[in-house]
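Structure first, then comments.
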Amino acid sequence: MIRNMAVLLAVIGLVAMFLPMVTDFQERENLNELAADYVEGSINDLNTPNVVTSVIVTYRGLDTLGEVTVLFLATVGVGLLLKGRKEDMIRISSSELLGTTSSVLVAMIMILGIYIFTHGHLTPGGGFQGGVVIASGFLLMLLSNVNVKMNHSIMHFVESFSGVAYVGIGVAGLVLAIGFLNPGILPLGRFGELFSAGAIPVIYSLIGLKVGSELTSILVTMGGEK
Amino acid sequence: MIPVIIIGLGVIMLAAAIAAVYFKSLLASIISAGVISLLASVIYLILGSPDVAMTEASIGSGLTTVIFLFALHRVRKGKSDD
Amino acid sequence: MSLATQIFYAVISVTVATAYGLTLGGITRKIYARVHGRFGPPVWQPFLDIIQTSGRRVSVSHGNMFLLGPVFRLAGGLGTYLFIPVIYGSAVFSNFSMAGDLLLVMYFVFFGQLGMALGAGQGGHPYSPIGIARGLAQMSTFELPFALAVIAVAIQYNSLNITSIVAAQQGGFMNWTLFTNPLAVVAAMISLLGMNMHSPFSIVLAPQEIPIGPPIEMNSGFLSILQTNRGLFAAAKLVLFMNLFFGGATNLLEMVAKTFFIYMFSVFVGAAYPRFRPEQSFRFFLKWPTIAGILSIIYIAYLGGTS
Amino acid sequence: MVSPIYILILSLAVGFLLSILDKGGRRLSLTAFYGVLTFNVAVVADWLYRFVFHHVPNLVINTAGFKAPISINLELGVTEAFVLLFANLTGLLAAVYLFRKFKESQVSSLILYLLLIMGVNGLVMTRDLFNMFVFLEILSISTFALTALTRNLKTLSSGFKYMIAGGVASTFFLLGVVFVYYFTGSLNLGFLDAGQFTGVSLIALFMLSVAVFIELKPFPANGWVLDVYQSVDSGIVSVIAVVNSAAVGFVFYKIMPLMPQNFLTVFGIAGVVTFFFSNMMGLKQENAKRLLGYSSVGQMGLLMAVLVFTANAPTNIRYLIIGGLFFNHLFSKAGLFWLAGIVKQEKTRDWTVLRNNKLLLVLFGLFIFALSGLPPFPGFWAKWEFVKVLVDAKMFFVLTSVLVGSLFELIFLFRWFTITVKEDNSELEPMASPHGSMVLPASVFGLLGSVAAFAVMKYFYGFGWLQVLPIGAVLFFYLTDFLPAKVKGFLSLGAIAGYGYCIYPLIESNIQLFFGAIFIVGSAVNLISTLNRKNQSRGFYGFLLMMIFSFGNLLIATSYLEFFLSWEFMTIASFLLILRGRKAQKASLMYMIFSTAGAYLLMAGFGFAPAPASASALILAIESVNLPLISIIVLAIGFMIKSGSLGVHIWLPEAHAEAESDVSSFISAILLKAGVFGLMMVAISYVSHAPSFDVFYWIGWIGVLTALAGAFMASFQEDAKRLLAYSSMSQVGYIVAALALITHLGWVSALYLVFNHMMFKSALFIAVAGIYYRTHTRTMYKMGGLISKMPWTFMTVLMCIIAVSGVPPLSGFGGKWLTYTAFITKGWYLQAGVLFFASGVSFLYLYRLIHTIFLGQLKYEHQEVREAPVWFIIPQFIFLGAIMAISMFPSLIIKPLNVIAMRYFDSSIQIEGLTIISDLGYWNGNLIMYVTMGVFAVPFILLLLVKGKTQKVKQFNIVYSAERPESPQTTHVAHNMYAHYRKALGSWTVPRVEAFWSGVSEWAHAFGGFFRRVYTGNGQTYVLYIIMYIVVIYAVMGVQ
Amino acid sequence: MISSYTLILGIALLIIGFYAMLTRKNLIKMVIGFSIADTGTHIIIVSLGYLRGKTAPIIDQAVSAVNAVQKVVDPIPSALVLTAIVIGLAVTAVMLSFIVEMYRKNKSLSIDDYQELKW
């Protein structure tokens, strides 16, 4: 009884806390000074159309590096927790329809994924979204035909390689052009081109590969493949 | 026009959230959590951030729901109490 | 005056005091007898006892401390007596009172008792430590009212020097402490009963329970030393009380008269009352006399008694 | 000159590569792993050295090639480098500790650990709020995963609780960050200031700061972390408890400038509440690691309180306090967790197994002492300065709860220590000798702690070799412990002589000389009795010398801190000496608790006192100091606890009785005098600046009642040493009463009694030690009739009894005369009456002591008892000689004392030749002695005449109405001698003070138990507590 | 206007998420509550960055390079949310694996059965 009272009290308290936020919240009319710098900087200095990508990859590059590490940690953590035992997943054999369409679909999903993270700096989306699409591709493949055997060593290699390459580019930025993770090490190229905006696309594709392989290994570990 | 869509989506999402909390079966509440994420990605689109919409759609509704299902499967293999 | 004459005078005063003490002892025995309805031994009986015990051929000892017990006892009696100026103004009877004041005398009383306790303890007889335990306990309780009385006197006469206390009480009996601060005298006289170990407070010797208590193992020569001390020590105590509360004495006769009546007070009380149980006597001392003592101090110090 | 960003880069690169490296063999990956950790420590150490010694400005690292608000920047200053150095060092050492576990487990645990340390480094260095959130997440997820290193139900469930709570906290953190951005438009700390937060934006700041505060585990909302501390592997727990908390604590430190004052005070008070309640709950805790959990949560609360309340203290003081407490918590807590891992015993009671490994036991003691804030460890200095800051800031509520909290902490830590050292461990299977890799980290931290201790002493306070001498003595004798006891004895005698020679020039006044004589010369003579020890008596002389040197340092201390330092050294040394007694667990624990309570009172008292003007010794400088009333009362109580006054005396008999026989003479004769010395100091300042309320009148009454109570209690004791202990208490009661008179004669009598008591009490204790050595028993009724077997000891005890009771010829009477004259002249008549009564009662226990042991019947088993060994006899007769000398020529001691007292009052006694005349009476000690000798000679001659033909008979041949007495046991009157007196006193003899104090401890434990119920073990309840805590803090702060 | 609605929605989801965590005994239900709260937070963050009548911060034919500053929504919250979502996923994954392991050891999903460490 007291417990429910306490929970109710807590919820009312939280509401009271957020209430002033909501009551006198008025939408902003224009960008604040920092956001305006980002937009101009992204267009003039980094020559990248997608401002969010420039913010993610360069201006707040350390965040994204941290972000990738968090995902890497999650993968390793889940691996540590669940890898301990071989669970024989009784997989219901998928219908024949799923089998055939999946072989076509998987390839298309892979291409879509690669497209997303290579064009991160041009179109919305980027490393994370591309990586997830690739992971869902692998998931489809995993679910569709039971006996596919994921080659773990390649997965680990891709993961580690992309991580180290990402850090390598960062160090190159530090060594060549005064800032850790500075995209200036590659030519900025023309605005809107595929090979433009310095190292941003390279970084984002590496992130894409890493996120893709990590999420796949999480799914594989969670799914408990044979 | 836009505010109407937003309010509609909002109501559905709130309903799904409350449903997720009060559903008896785990599977149903996982699905409704997935629905919330899906609608959330639509809201992000309206609020003018496509990147986030894509991420939310793929990670929020896609992967999180899959992970939940895998976990549920692992757990339910024993006996189906939820 | 030179040391030799001082010692000669001291010897005279000690012999007089001892003789007087012993005769007092004899008179007490006579009074007890009369109360009990019998004639009782002659007044000079204590002298005979001493002669009889010191003449014994055989004596038994339980070790050195046992031998030293009576020595300590007599030394205590002698010392207490010698540090009190007996007769006000006379050189012969002023003894060695220049060595220390009232506190010295009060503490020298313990010298004798402590020595006696050690000697008796060495005797090995269970009765003696029981007696001593009772004696020390009772001594600690009756010492409190006496100390309070002494403090009251010290406040009143603003000095602990016995000669000056006696000097302040000269000139007529009205300015004796008895009249100027009666409560203090009441407390002191009751503690005197404890000191003299007469009947209500005779738990230390307690003739029936632990026959004669501490000196039970003493025999022959040692007993004689104790008996001489009994006389001398009694005399010393009486003289002290006389000086403090009854205006001291300017000549020998006055000293004898006053001390006689002080002593008779405790004898008569002794003859009339049955013995207390130990805890009764401790509780008694800690109750009435102590209250009297405290009231006397308050009377003197704060209510501006005649000083 | 490597930029610290490489710490992050290298850890990440190696982290990513480890799974591949591991293919090439675990040895390769392990070398890379330890390589990175050492690299981190090296880089930070190099930068700290550069900051501190070359005063290099703070290093700011911009990422992504742009200036601060645009891109994220990291900053490394002195504070960051200090925190990071020790965090990385603990990380490295914990990794070394986990070496065997890392070798067997999967490579992922290595990756997780490495990235955890990287997360810590990032969290401390980053200046960007959202980046803090990311590093916080890295830190939390790696910690969550690592809790499952040792896989069992307990670790998993506590890991899950930890995760749920951590998730809620980081959600609030994220919300806080975003709302702060929304209101201020910037995420970088460099561009945020308190001014920007007004009205609604305060809520954003509130969410941010409360999220960080939850991560720091405040009192009701920290159940989730305690389960982790209890169940998870000790190496990981030491990282969580120390490194994580340090990083999150630093984040709190970084966002503190943004917070308005009411936020800070509420967080400060919440920190103090956490410290107080966690320690109170610790009282009831049985499980070792959970106890450490309570203590570390408490310490973090204290750290938060310190961060908040020292805001306006001068920076170097503030750094000392925060740095000191942080480092102290770090090295002792990590060390203790590692030891917990090595010992692997659940219950604190079973830690007695630790005894057979000497090194670990020493380390364990070191950490316990450091954690409870005893000198020389940094925690001591930090607490001292913190108390001073709190006093200046008039925050008395915080001051009392911090002091009481630390007392609770000390109680459960020392209960644990004393049980480990003293309880018997027969039925526990011996502890397996630990692997080298497990012992190394603990010993490194032990060493580091001691080095830091001396560094603070030397550089911060500039203390010379004299203050360090006590510790030096312990170390020297620890190293030369193999020597036989006799050699060490003479060595220490020489050391005392040398020490006396060194401090002689430093002594400026004769009151120091007087107490010096008591402390140094008294101990030297007492030391002779310890030469009787056989074999090596390991560790004894070290602590003994430590105590004696700290006595000396007390005299020449020039500042309050120096005095308090030697005071604490003295307490530690005496505690360890008492601890050596066979059944001394309860006694030493009670002693330590009371002494520390006293020490904390002193600390508070000195905090209130204005600093002494002149640089001369404190005892002289304090004359000019105008101590406020509160300081006088508190200091007086503190010193009176140490001198065993009524009400706080219950430790005294236990300590004396249970300590080794030759140690108890030191305690009673000399240690109690330290309390008197302190009280004298307070009295000296009281003389010239007497405040309105007459404090010393009541201290006088306490002293008098202590004398009476002590005497009574002594009379009813069966154990000889307990009897002497109560007698010491009674005698010190006399001294305290005389001191409280604040008159010339009062002080002369107090000092006379001090000197007298030191002599006869040492002699009595050494005598009892000799008897114990021969008869192996302390209960008096088991002895009897030893006069024939031990005549010399009997002689000493006889003389001492006469001295103690005040019977004229000996020096005791002098003390009585002085005291009574002082009391009557002062006008304290009733007190004088009570003192008379007390000295009357003292005859009882004195006679009981000498009768039951020496007189009466000799028992069968003592037939062949021989005289006490010569080493006991020599010091006794030295003291007897001194007593006789003073009795013969009292002016020998009265003249110097008169001069000492005249420094403070005009003299009230004249000394003509050999007679001392006061305005009440006179006393000629010399003449009394001659008259007594003369008076003694006359009956002696009479005896010789009469003795002639006495026949010596055996003790058993007594007048027993012709019967043969049954056996010595029945005829020896010794057991319960004053039963009739006890019956007469009735309800007065009920031990009310013991009942009171056990009531107090009962209540403390009950409260501890009651609050412990808060942790129901249910993860969901913990989340509810967190949210309720946030709501309550929000309401208390009244944020808008 | 829109963003205040979404803000309210976000806060509501957050509170429902916490309510679920506080009341549901089932471990998985708690984690679901946690992920709902997470989604709520992300909605709040994005709605804070919304500027009335502005479009996505991507410079293409719709938003020309010269007047981008007046036409674009605030990019920083979306950048933050991107990271937050992935972190949310990571935390949820680790929590679920903990639950699986706990179930394997103790065969129960209710939080009340994991109370052996207390006081």
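Chain A is the first sequence line, chain B the second, and so forth, proteins listed ahead of strands; every chain is numbered from 1.
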Q. Does a sphere of radius 6.0 Å around CH2 in D:W792 hold more than 12 heavy atoms from other residues, nucleotides or ligands, not counting ones at 6.0 Å or beyond?
A. no
Q. Is the number of heavy atoms from other residues, nucleotides or ligands under 6.0 Å of D:M888 CE greater than 12?
A. yes
So which atom in [X] and which in [Y] form the shortest heavy-atom distance, rounded to 0.1 Å?
{"X": "C:L68", "Y": "D:F940", "value": "CD2-CE1, 3.9 Å"}
{"X": "C:L67", "Y": "D:L943", "value": "O-CD1, 3.7 Å"}
{"X": "C:L136", "Y": "D:L844", "value": "O-CD1, 3.8 Å"}
{"X": "C:I132", "Y": "D:Y847", "value": "CD1-OH, 3.3 Å"}
{"X": "D:P939", "Y": "C:A75", "value": "CG-N, 3.8 Å"}
{"X": "C:A154", "Y": "D:L920", "value": "O-CD2, 4.4 Å"}

How long is the gap from [atom1] on [X] to [atom2] on [Y], to the nearest 0.5 Å?
{"X": "C:F110", "Y": "D:S842", "atom1": "CZ", "atom2": "OG", "value": "8.5 Å"}
{"X": "D:S918", "Y": "C:D101", "atom1": "OG", "atom2": "CG", "value": "7.0 Å"}
{"X": "C:N64", "Y": "D:I787", "atom1": "CG", "atom2": "CD1", "value": "7.0 Å"}
{"X": "D:W817", "Y": "C:L102", "atom1": "CH2", "atom2": "CG", "value": "12.5 Å"}
{"X": "D:F843", "Y": "C:S140", "atom1": "CZ", "atom2": "OG", "value": "10.0 Å"}
{"X": "D:F936", "Y": "C:F111", "atom1": "CZ", "atom2": "CZ", "value": "6.0 Å"}

Contacting region of [X] [heavy-atom separation from chain C under 4.5 Å]:
{"X": "D:L858", "value": "neither"}
{"X": "D:V938", "value": "side chain"}
{"X": "D:P791", "value": "neither"}
{"X": "D:F794", "value": "side chain"}

Atom group of [X] that falls short of 4.5 Å from chain D, counting heavy atoms:
{"X": "C:L114", "answer": "side chain"}
{"X": "C:I162", "answer": "neither"}
{"X": "C:Q122", "answer": "both"}
{"X": "C:R56", "answer": "backbone"}
{"X": "C:L148", "answer": "side chain"}
{"X": "C:P278", "answer": "side chain"}

(Q) Counting the benzene-type ring for Trp, do C:F146 and D:F836 have ring centres under 6.0 Å apart? (A) no
Q) Taking the side chain as C-beta and beyond, is there a heavy-atom pair between D:Y930 and C:L3 under 4.5 Å? A)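 With C-beta onward as the side chain, the pair stays apart.
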**Q.** C:L103 side chain near D:T821 side chain, heavy-atom distance below 4.5 Å
**A.**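 Heavy-atom side-chain distance check passes, below 4.5 Å.
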Among the options [options], pick out the one with the most heavy-atom pairs lying under 4.5 Å from chain C.
{"options": "D:G921, D:P808, D:G840, D:A832", "answer": "D:P808"}
{"options": "D:V807, D:V935, D:I824", "answer": "D:V935"}
{"options": "D:H972, D:H851, D:Q857", "answer": "D:H851"}
{"options": "D:L942, D:V841, D:D919, D:L927", "answer": "D:L927"}

Q: Could you list the residues that satisfy ring pair (Phe, Tyr, Trp, His ring centres under 6.0 Å) with C:F66, not counting sequence neighbours?
A: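 In terms of ring pair (Phe, Tyr, Trp, His ring centres under 6.0 Å), with neighbours along the sequence ignored, C:F66 is linked to C:H62, C:F222.
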Relative to chain D, which of [options] shows the most heavy atom pairs under 4.5 Å?
{"options": "C:Q138, C:R277, C:R134", "value": "C:R134"}
{"options": "C:V150, C:T290, C:L160, C:L82", "value": "C:L160"}
{"options": "C:A152, C:A10, C:S54, C:G63", "value": "C:G63"}
{"options": "C:E217, C:M106, C:M139, C:E143", "value": "C:E217"}
{"options": "C:V60, C:I225, C:L104, C:I297", "value": "C:L104"}

(Q) Can you list the residues of residues 975-988 of chain D that sit under 4.5 Å from chain C, counting heavy atoms only? (A) D:M977, D:Y978, D:H980, D:Y981, D:K983, D:A984, D:L985
Q: Test C:I294 against D:Y829 for side chain to side chain contact (heavy atoms under 4.5 Å, CB included), laying out the working first.
A: CA-CA 9 Å; C:I294 292 171; D:Y829 304 125; over 6 Å; no
Q: Starting from the C-alpha separation in whole Å, work towards a yes-or-no answer on side chain to side chain contact (heavy atoms under 4.5 Å, CB included) for D:V973 and C:Y127.
A: CA-CA 8 Å; D:V973 169; C:Y127 284 164; over 6 Å; no
Q.
Just by distance, no angles: are the side chains of C:Y107 and D:Y820 close enough, under 3.5 Å, to form a donor-acceptor pair?
A.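 C:Y107 vs D:Y820: donor-acceptor pair found between side chains.
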